[in-house]
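Everything on this sheet refers to the single structure shown next.
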There are 4 protein chains.
Amino acid sequence: MSSGERVRAAAVKLFAAKGFHGTGIRDLAQEAELSSASLYHYMGTKEDLLVEIMATSLRRLLDAAAKATAGAGDPVARLRALVALHVLAHAAQPAETRVVDNEVDALSDAARARVVALRDEYEELWAQAIEDGVAAGVFHTAHPAVTRLALLEMCSGVARWYSPRGPLPLDGLARHYAELALRALGHPGEVAVTDLRPCLEVVAQVWDVPHQKDRK
Amino acid sequence: MSSGERVRAAAVKLFAAKGFHGTGIRDLAQEAELSSASLYHYMGTKEDLLVEIMATSLRRLLDAAAKATAGAGDPVARLRALVALHVLAHAAQPAETRVVDNEVDALSDAARARVVALRDEYEELWAQAIEDGVAAGVFHTAHPAVTRLALLEMCSGVARWYSPRGPLPLDGLARHYAELALRALGHPGEVAVTDLRPCLEVVAQVWDVPHQKDRK
Amino acid sequence: MSSGERVRAAAVKLFAAKGFHGTGIRDLAQEAELSSASLYHYMGTKEDLLVEIMATSLRRLLDAAAKATAGAGDPVARLRALVALHVLAHAAQPAETRVVDNEVDALSDAARARVVALRDEYEELWAQAIEDGVAAGVFHTAHPAVTRLALLEMCSGVARWYSPRGPLPLDGLARHYAELALRALGHPGEVAVTDLRPCLEVVAQVWDVPHQKDRK
Amino acid sequence: MSSGERVRAAAVKLFAAKGFHGTGIRDLAQEAELSSASLYHYMGTKEDLLVEIMATSLRRLLDAAAKATAGAGDPVARLRALVALHVLAHAAQPAETRVVDNEVDALSDAARARVVALRDEYEELWAQAIEDGVAAGVFHTAHPAVTRLALLEMCSGVARWYSPRGPLPLDGLARHYAELALRALGHPGEVAVTDLRPCLEVVAQVWDVPHQKDRK
DNA sequence: CATGAATGAGTGTTCATTCAT
DNA sequence: GATGAATGAACACTCATTCAT
């Protein structure tokens, strides 16, 4: 791992664990095994580092979601894919996603606008899937926008507690959440592992996570 | 509002908006319209202030939950009450609850232990309701603990986006979330406003929130 | 001397001796016998301190010059007064005037504009006196603007070398420079001490300098 | 222009514009279009660079002055030459001369001693000319040393404002200053352009400045 | 009850300089 | 020659906290 990568990794780890404002430049330096001055060869300001992490992470999620839902006309399949992908991303990359979800307030106005725009673009995929499902009569919900937010928060929460060392493997987690989400949308039924295979493949590509939960 | 109350209110507002580490003692002083030195007449350290806010807030939620579920043998009724109460608390007191949910990492080990113990005690009410519902055959979920966490995150998320100025009043919000939760637990069905009345009353008592959503 | 005054005095001394950029905040703190943090009770930024010194010093000179030339219709008398005043100010307040003369480049654009405006206002008094003298036929110079700049630089230079401990007292210095200036303007002749009395009085008032050179 | 020359030119430009302490090594590198590390192939420390600039510049002025006054027994001619040369040097090389005049305080004690010795040697030429003129009865001044300093400051000031794009060409400037100086010394009279020809030639040789003011 | 004054430790960032490549 | 990488020390400035008044 190069020094530049170590800096980024240190930032992800510490921003996730202690928050942006709770992480000092000297903490980053120590974690990256560099002097605090050397940090500045690999980053602009501390905020630049945060923005880069958030934007990259969000864009990756957005691209993965676009890929995983591409060509799926069925709203149920799309939502299932979105839920699975979101949950897997948050379970596999809890630090990155916690930073994205928790540190928006630490951004300056300009940077926040950029990040929020990406987030909105991503959420629009969810909104569209739910809306289409309601229109198609496969989803039933009195307040689609509220439901969307509820489901997103539910899925994002995974980053706050999931451990790959626990009893539930990644694919089981994804299946369970997909079922919860579809039930909440009034479309109950089992989710088969085969339904998730495309998602798992996208996840494996995008985040370098093995199909099996047997690593690290 | 007394000076002491102004200090606490300032802390809740700013800790919620900018985080504990993102809020300086001078910010608090300005918000409370006091000098920074005077702050220390009303608080111990900055961390003491945070701990007080978190502990008080959690204890209030815990007491309210205990009161709202007391005597209800029916797991469905208990869970409905817990969901409604949690959602209402987060919608009515978004700042307090955001502090509780987001700033645990800012606590020292000793303080964190206290706060986490309270939180665990509260979550145990949820765990018990779900477990009882599963045992009674009214809830169906393959991973009760995971489901519990998913629902808690879903409900806590309300504090991040709900606005009383939006189209959905508090009671409607509570009903909707209760329905989402029960559906997710495999127990679909409408939730009547009358089912929530006891909750709304507890909320009104505990958090000084009017029944009607027509205030500021 | 209060702490605030000590800070200002330290800044004048050190900015004059080592330049704005050559003076660290810790140097100021040491000179003012305060911690570097305490400095910030008495100043805004380091640049604010510089601006305050320059603006105050220039305004004082401008006011003194206006007072010393007020009511004098004779261009010769006005120029004599301006020269004497300028020289006395630079001899009596060498640190302040060196800061004003040398640190303009250290200012931000906005601050520089303010300071330069004051300086221009002051130089206009010189320009007017010279122009009037030329028009009246008492001064003879082919390039009045160049001459004005030459004389100003000549007089400002005093701050770079004059010592009250040297053989030449303040009033002798002023007389000598007044003679040099008038000669350069083609209006030779002795300058009597009585001609300078009004100037010396203004100087004594404005800069708290005794008439006699026998202090400190 | 070689890299080494670019470094020196960058230093002259930036030290003049922002001061020694106000100029960072990175500023120099950028101006010289080199990396900051590469700078150190062409210089010792930042201070060495400053010393080299000052010493070279002063020695060149000193040599030029010696050459321009060599063999001239007439104190008036000598002073006229000194003034013209000084003014021309400051008008033609404003950056170099500003560095020499303003950055003496930035030098370490040892380096300052070297530079001041050169400056003293140069000023001695002025002192000698004035003294000789007074002794010969062609100059009249009550305080020769003060007058010398006054005239030197007057002439050095040219570097702070003269622009070759203004209305006054170099030779006109030199003539005007020579007249001002001789008048101040009680020896009025026109200065003919032919009187300055030797000086202009020395200037052209030493500083690569064309006789005509029509360049750049 | 309230605060101006004060500070040691810490903030994010830049400094001039070195050195292996 | 030229530079990316590296750093200890310093930079201007803010931190949470104390205390005499």
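Throughout, a chain's letter reflects where its sequence line sits, starting with A, and its residues are numbered from 1.
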dist C/S38:OG -> C/R6:CZ (nearest 0.5 Å) comes out at 10.0 Å

In whole angstroms, the gap separating P of F/dA12 from CD of C/Q30 amounts to 14 Å

With sugar-phosphate taken as primed atoms, P, OP1 and OP2 and all else as base, the protein-contact string of nucleotides 14-21 of chain F at under 4.0 Å (heavy atoms; B, S, -) is BBBBBB--

Check: Can a donor-acceptor pair be found between the side chains of B/T97 and B/Q93 at a distance below 3.5 Å?
Finding: no

Between the side chain of A/K18 and the main-chain N/O of A/K13, is any donor-acceptor distance below 3.5 Å? no

Backbone N/O of A/L50 and side chain of A/E103: donor-acceptor pair under 3.5 Å: no

Looking only at heavy atoms, the pair that brings C/A106 and C/E47 closest together is O-OE2, 4.4 Å

Rounded to whole Å, the CG-P distance (A/L50 to E/dG12) equals 13 Å

Of all heavy-atom pairs linking A/S35 and A/A29, the shortest is C-CB, 3.8 Å

Applying the Watson-Crick and G-U criteria (both distances under 3.5 angstrom) with [ ] for crossing and | for other-strand pairs, one obtains for DNA chain F .||||||||||||||||||||

- Within a radius of less than 6.0 Å around CD of B/Q30, do more than 12 heavy atoms belonging to other residues, nucleotides or ligands occur? no

To the nearest angstrom, the CG-C1' distance between B/L28 and E/dA2 comes to 17 Å

Minimal heavy-atom distance between B/M54 and B/V99, with the atoms involved, is CE-O, 3.4 Å

Nearest heavy-atom contact between B/R112 and B/L107 is NH1-O, 2.9 Å

note: B/E33, atom CD; E/dT3, atom C1'; distance rounded to Å ~ 16 Å

Residues C/V104 and C/V116: closest non-hydrogen pair is CG1-CG2, 4.3 Å

Are the side chain of A/D27 and the backbone of A/T23 linked by a donor-acceptor contact shorter than 3.5 Å? no

So, with a heavy-atom separation below 4.0 Å from DNA chain F, the residues of residues 1-12 of chain A are A/S3

Taken to the nearest whole Å, CG/A/L39 to C1'/F/dG8 is 15 Å

